[in-house]
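Heads up, the thing below is written out as structure tokens.
Computed from a predicted structure; not experimentally measured. Side chains are part of it too, since the values below use all heavy atoms of this structure and drop only hydrogens, waters and symmetry mates. Quick note on labels: first sequence line is chain A, next is B, and so on, each numbered from 1.
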Amino acid sequence: KNEVEQSPQNLTAQEGEFITINCSYSVGISALHWLQQHPGGGIVSLFMLSSGKKKHGRLIATINIQEKHSSLHITASHPRDSAVYICAAYYFGNEKLTFGTGTRLTIIP
Amino acid sequence: DVKVTQSSRYLVKRTGEKVFLECVQDMDHENMFWYRQDPGLGLRLIYFSYDVKMKEKGDIPEGYSVSREKKERFSLILESASTNQTSMYLCASWGSSGETYNEQFFGPGTRLTVL
């Protein structure tokens with residue numbers, strides 16, 4: 001069964017801290033998607049990656065195909081980063097995303 | 001900017017009513033999806049469509065149907081709403097480019113309450 005697991009489920013940190021959210025998945029994915037959802041808000045796409053690393057502002061996403069693992073990092077975290085972060089995988093031959101259950105991040109000023 | 005819009009942000013219906021949720025995207029995407037999101041369960045796929053008049057069941061299609069008469073519009077129908085269909089409903093779309101998987105773009109969501 002194709003699965004996507006995230007950790008931690010909840011994370012609280014002080015403003016300025018370096019944040020890491022982890023995602024692991026089964027074999028055979030073609031791409032991994034990181035998404036962000038603010039409270040009461042819609043879901044926005046942060047990254048889509050199939051290898052290596054991508055960076056956008058203070059956000060960095062990495063993926064290790066051999067380890068079947070991806071991480072989302074936030075540098076110099078800010079209260080506005082408080083949101084639920086979701087990873088989702090495209091498995092080969094499947095147009096559907098398989099979602100993790102999300103990580104709720106709270107950054108305290 | 002890709003825009004995915006949904007017909008309502010909040011909706012309250014009574015048990016047994018027929019409910020229509022509409023989703024429109026403006027980027028000529030082939031693939032459109034309907035999800036529901038519940039606390040602790042994450043996002044679950046109800047139905048998806050990869051072309052006009054084509055539909056595929058997702059993980060939890062029971063109690064729902066869909067319609068895709070035009071490429072830009074994907075409708076979710078609750079034939080007879082029940083209280084266990086109270087949820088946040090999210091529509092998404094993505095366009096394929098060769099064999100590359102692209103990002104899904106999500107609508108703002110419809111929070112449906114069935115009384």
Using modelled atom types only, decide if a donor and an acceptor are shared between the side chain of [X] and the backbone of [Y] within a distance under 3.5 Å.
| X | Y | result |
| --- | --- | --- |
| A:Arg58 | A:Thr75 | yes |
| B:Lys18 | B:Ile77 | no |
| B:Glu56 | B:Tyr50 | no |
| B:Trp34 | B:Gly58 | no |
| B:Ser49 | B:Met54 | yes |

* Asked: How are the rings of B:Trp94 and A:Tyr90 set relative to one another: parallel (under 30°), tilted (30 to 60°) or perpendicular (over 60°)?
  ->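 Answer is perpendicular, since the angle exceeds 60°.
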From CA spacing to verdict: side-chain contact (heavy atoms from CB on, under 4.5 Å), B:Tyr89, B:Ile46 = CA-CA 10 Å; B:Tyr89 290 87; B:Ile46 305 171; 3.7 Å; yes
Going by chain and number, the hydrophobic cluster around B:Leu41 (ILVMFWY, side chain to side chain under 4.5 Å) further includes none
Q. Would you say B:Glu17 has more than 12 foreign heavy atoms packed within less than 6.0 Å of its CD?
A. yes
Taking atom CD of A:Gln9 as the centre, report whether more than 12 heavy atoms of other residues, nucleotides or ligands fall under 6.0 Å from it.
->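 Incorrect, the count does not exceed 12.
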Most heavy-atom pairs under 4.5 Å with chain B, out of A:Ala88, A:Ser45, A:Gly42, A:Ser50, belong to A:Ser45
Max heavy-atom pair count under 4.5 Å with chain B, selected residue of A:Leu35, A:Val44, A:Ile86, A:Ile43: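 Answer, by heavy-atom pair count under 4.5 Å with chain B: A:Ile43.
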Problem set entry | Residues that A:Phe47 engages under ring-ring contact (aromatic ring centres under 6.0 Å, His included), provided they are two or more places apart |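 Counting only residues at least two positions away or on another chain, A:Phe47 forms no ring-ring contact (aromatic ring centres under 6.0 Å, His included).
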Contact list (residues 99-109 of chain A to chain B, heavy-atom gap under 4.5 Å, by number) returns A:Phe99, A:Thr101
Residues 107-115 of chain B vs chain A, non-hydrogen distance cutoff under 4.5 Å, contacting residues -> B:Gly107, B:Pro108
Given heavy-atom pairs under 4.5 angstrom as the criterion, report whether the side chain, backbone, both or neither of [X] touches chain A.
| X | result |
| --- | --- |
| B:Tyr35 | side chain |
| B:Gln37 | side chain |
| B:Leu43 | both |

- prompt: Is it the case that A:His69 and A:Ser24 place a side-chain donor and acceptor less than 3.5 Å from each other?
  reply: no
